[in-house]
Number of protein chains: 2
Amino acid sequence: MRASILTIGNELLIGDIINTNAAWIGTFLTEHDIEPVRSVTVGDSESEIVHHLKDCAKVSELIIITGGLGPTHDDVTKHTLLRYTGGSFTEHKPTRDFIEYNFEKRGIPVSKSNLAQAMVPDTCEVLFNKAGTAPGMWFDFEGVVLVSLPGVPSEMKYLMEKEVWPRLAQKLGANGTLFRHYMHTAGIGESTLSDIEIGDISDKLVDGVQLAFLPHSHGVGLRISATGTTAEMARARALPLIEHIRRKASEHIYSEVQGDDLPAAVGRLLEHSKKTIATAESCTGGLLGSMITDVPGSSGWYNGSIIAYQNELKTSLLGVPAEILQQHGAVSAETALIMAKAAAEKLGADVGLSTTGIAGPGGGTEEKPVGLVWFGYYDGERHFAMRAQFFKNRKMNKERTALVALDITRRVLTGITRMPYDAPVVVG
Amino acid sequence: MRASILTIGNELLIGDIINTNAAWIGTFLTEHDIEPVRSVTVGDSESEIVHHLKDCAKVSELIIITGGLGPTHDDVTKHTLLRYTGGSFTEHKPTRDFIEYNFEKRGIPVSKSNLAQAMVPDTCEVLFNKAGTAPGMWFDFEGVVLVSLPGVPSEMKYLMEKEVWPRLAQKLGANGTLFRHYMHTAGIGESTLSDIEIGDISDKLVDGVQLAFLPHSHGVGLRISATGTTAEMARARALPLIEHIRRKASEHIYSEVQGDDLPAAVGRLLEHSKKTIATAESCTGGLLGSMITDVPGSSGWYNGSIIAYQNELKTSLLGVPAEILQQHGAVSAETALIMAKAAAEKLGADVGLSTTGIAGPGGGTEEKPVGLVWFGYYDGERHFAMRAQFFKNRKMNKERTALVALDITRRVLTGITRMPYDAPVVVG
């Protein structure tokens with residue numbers, strides 16, 4: 001099946017809003033074995049919309065339309081589709097009830113233009129929108145499926161997943177439901193994860209089962225998807241691959257919940273083991289603490305930090321002897337070890353974590369280049385330092401450093417001895 | 001003049017890359033009084049490209065094409081334009097020389113496919129691309145201007161500004177060059193800045209002079225643009241507006257350099273006055289330190305921070321008496337004042353800056369709701385606290401707090417007594 005995407009709105013055309021809907025729909029269709037062949041953006045103009053409905057019908061059997069469904073006069077999509085398909089307006093009772101219920105709940109009077117959102121062409125099947133007020137519409141017109149969805153990304157995505165895909169699957173005679181599962185990894189590169197840890201999975205990529213690698217700043221995400229006539233069947237098809245990955249790469253997986261992140265995962269581990277953590281930062285300059293305190297409720301397990309950006313403060317606040325700084329330098333295993341222990345002791349935490357490195361762009365030497373970082377970990381039982389070599393970009397180096405520090409903590413707290421990127425440790 | 005935008009690439013269609021080029025071009029055209037009427041994305045397909053070249057020519061006098069100019073076989077744009085305009089290939093010597101020079105400089109042998117980038121249709125005028133290797137092309141074909149540009153955003157933008165706009169301006173018989181000036185403000189809302197501070201400027205918005213408000217997380221940006229037959233004339237036209245804004249809103253302007261940010265501006269002020277700064281953070285949890293240390297060279301003026309996330313640490317590390325915490329609470333003018341002074345004194349800095357607040361989503365009370373923040377400032381001479389009320393979103397509250405803390409510092413260092421958002425201060 002070939003598809004066209006028609007996104008409507010002057011704000012898209014003049015670049016006030018970047019067209020993320022078109023990208024999301026393109027990905028969604030591709031993942032579901034539907035080929036996007038064209039994506040068109042036009043303003044709120046009836047003649048332009050009709051021109052492209054006709055033109056796209058020549059190259060595709062499906063046209064996904066977003067935008068122009070709001071209650072204001074410049075939203076012309078619904079009227080255009082009404083006239084294009086030769087229908088007349090009828091009220092969709094469940095949508096009207098839902099609008100009234102929502103306004104009542106918020107204690108706001110319902111206006112005429114709000115209720116007008118429940119009026120739909122009688123040539124369409126309504127896609128009931130629980131995520132907003134404008135209903136989606138499904139037309140089967142002259143051999144082409146026209147799907148009209150609101151432009152609000154959350155509503156568009158809700159309708160695509162819950163209402164559009166089941167109907168498309170049925171139409172395609174394909175497998176009816178889509179199962180998706182996410183796994184988040186840290187401390188391992190994409191190619192090592194794929195080629196060495198997970199290895200050959202060709203025998204598991206059958207019956208529509210797919211694996212996507214999604215590298216992002218917190219690590220490499222994995223998305224496993226499968227289709228089936230029932231949800232249970234789709235899940236059953238994906239399960240062998242999921243279990244294979246769990247078996248092969250468990251040490252690197254910090255979460256299997258969509259949208260989760262590493263600081264939150266570390267927070268749960270600390271909460272669960274009733275431990276607190278404190279940090280001593282140099283090169284991250286507060287970013288490690290900031291990532292931790294982005295997690296709601298982190299005050300339950302995070303004590304605080306000493307950011308000793310100047311070397312004198314490493315001595316006065318963290319007790320790193322001046323001789324150590326002179327002999328080994330601030331960026332050294334020795335300094336990282338003392339910083340981590342001082343963080344735990346001076347801030348009264350069970351775990352102390354430290355970072356010291358050369359963030360760049362200046363300050364590098366041949367022996368200690370930009371991007372070199374030492375990490376320290378201390379929890380009373382374990383006390384070690386670990387080294388990593390990152391890149392030239394200051395902000396990226398800070399981010400990588402904070403995340404690797406958190407991943408070290410995650411690994412120790414879950415009893416994993418392998419460190420991120422298989423780095424060796426220096427025991428303190 | 002009406003324009004169509006034609007972006008080419010399978011990666012755009014399937015959503016691997018979000019189409020930021022189309023948005024940028026839409027904004028650029030709108031700012032230059034050219035109306036974008038349609039934006040189309042297609043894959044690397046000759047028939048689709050030709051179809052839309054013809055179709056767009058019916059509704060627009062200008063078609064901006066991006067993408068598909070790379071050296072690989074799936075980049076078909078150049079061959080398509082060659083055949084569409086009935087030309088034959090010829091070598092563009094300056095481009096060939098530039099490619100050879102660049103490869104030589106990097107010590108890499110030039111391949112045949114690299115040199116092929118210098119071959120262009122003889123039906124076009126070459127837009128010399130100093131930002132990359134693929135030249136842009138300008139065709140005047142059957143009454144429509146076709147502009148073909150590389151898909152790499154930096155190269156596309158370079159060519160639009162330096163090569164395409166001057167030619168378009170000439171063609172339009174319009175003013176030949178564009179002058180743009182940026183002003184960055186902080187500590188003031190968009191509507192107050194526009195309506196109260198800047199006020200009526202209708203007499204200055206003449207001869208193509210335009211003012212755009214660009215709100216972003218660091219404050220509200222202002223972009224003043226003007227066109228003229230010469231650069232000097234364009235600048236002269238914009239100057240009355242720029243000087244008016246400087247006169248009316250100078251206290252809020254932290255920079256007039258494009259792409260500048262508030263932490264860097266504060267850093268320059270500290271460097272210039274040979275002062276150092278230290279922070280004591282609670283609700284920002286390290287974000288203030290992290291923003292400061294995002295600035296390259298910040299080690300020259302930033303000493304460090306104590307993040308006292310737990311109240312006990314406010315007492316043990318920053319000397320906030322337990323009675324103060326009990327009587328006034330951690331989120332209070334009293335606590336903020338002591339934290340700021342302790343930051344300066346314990347970390348040996350000229351300026352001490354503190355934040356303490358309720359980031360949310362939990363922890364709010366009727367008296368002290370989520371989003372309430374107290375700031376403290378101390379520099380030996382001045383010692384004061386300031387209050388702000390932000391929103392429900394934790395990350396946004398952290399970011400706003402860090403930026404307002406920096407803006408307080410900027411204002412004091414430049415001798416401005418008005419505080420951000422005209423907040424009153426509590427003198428310590």
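Numbered from 1 within each chain, the chains take letters A, B, ... in sequence-line order. As the structure is a computational prediction, the values presented were derived from the model and not from experiment.
For B/Thr30, the part lying near chain A is the side chain, with the backbone staying farther off; criterion is any non-hydrogen pair under 4.5 Å. Proximity to chain A is limited to the side chain of B/Asp55, based on heavy atoms less than 4.5 angstrom apart. Contacts of B/Arg394 with chain A are made by side-chain atoms alone, with heavy-atom separations under 4.5 Å and no backbone atom involved. With a 4.5 angstrom heavy-atom cutoff, A/Ser299 touches chain B via backbone and side-chain atoms both. For chain B, the nearby parts of A/Leu347 are the backbone and the side chain; heavy atoms of each come within less than 4.5 Å. For chain B, no part of A/Leu29 is nearby; none of its heavy atoms comes within less than 4.5 Å.
At a threshold of 4.5 Å between non-hydrogen side-chain atoms, the residues B/Ile14 and A/Thr27 do not count as touching. By the 4.5 Å heavy-atom criterion applied to side chains, B/Ile307 and A/Tyr302 are counted as neighbours. In this structure, the side chains of A/Glu48 and B/Val37 stay at 4.5 Å or more apart for every pair of heavy atoms. Between B/Ser298 and A/Tyr309, the closest side-chain pair of non-hydrogen atoms falls below 4.5 Å. Side chains of A/Thr41 and B/Arg38 form no contact here, defined as non-hydrogen atoms less than 4.5 Å apart. Under the 4.5 Å side-chain criterion, counting only non-hydrogen atoms from C-beta, A/Ser39 is not in contact with B/Val40. You'll find the side chain of A/Ile18 reaches within 4.5 Å of the side chain of B/Ile18, heavy atoms only.
Interface summary for chain A: among B/Gly363, B/Gly362, B/Ala22, B/Ser290, the most heavy-atom pairs under 4.5 angstrom belong to B/Ser290. Of the listed residues (B/Val59, B/Asn303, B/Val42, B/Leu287), the greatest number of heavy-atom pairs within a distance under 4.5 Å of chain A belongs to B/Asn303. The candidate from B/Thr284, B/Ile306, B/Leu313 with the greatest count of non-hydrogen atom pairs under 4.5 Å with chain A is B/Leu313. With chain B as the partner, the residue from A/Gly304, A/Cys283, A/Ser305 showing the most heavy-atom pairs under 4.5 Å is A/Ser305.
Of the possible donor and acceptor atoms, none in the side chain of A/Lys395 sits under 3.5 Å from a partner among the backbone N and O of B/Asp294.
One finds the CG atom of A/Asn19 at 9.5 Å from the OG1 atom of B/Thr7 (value rounded to the nearest 0.5 Å).
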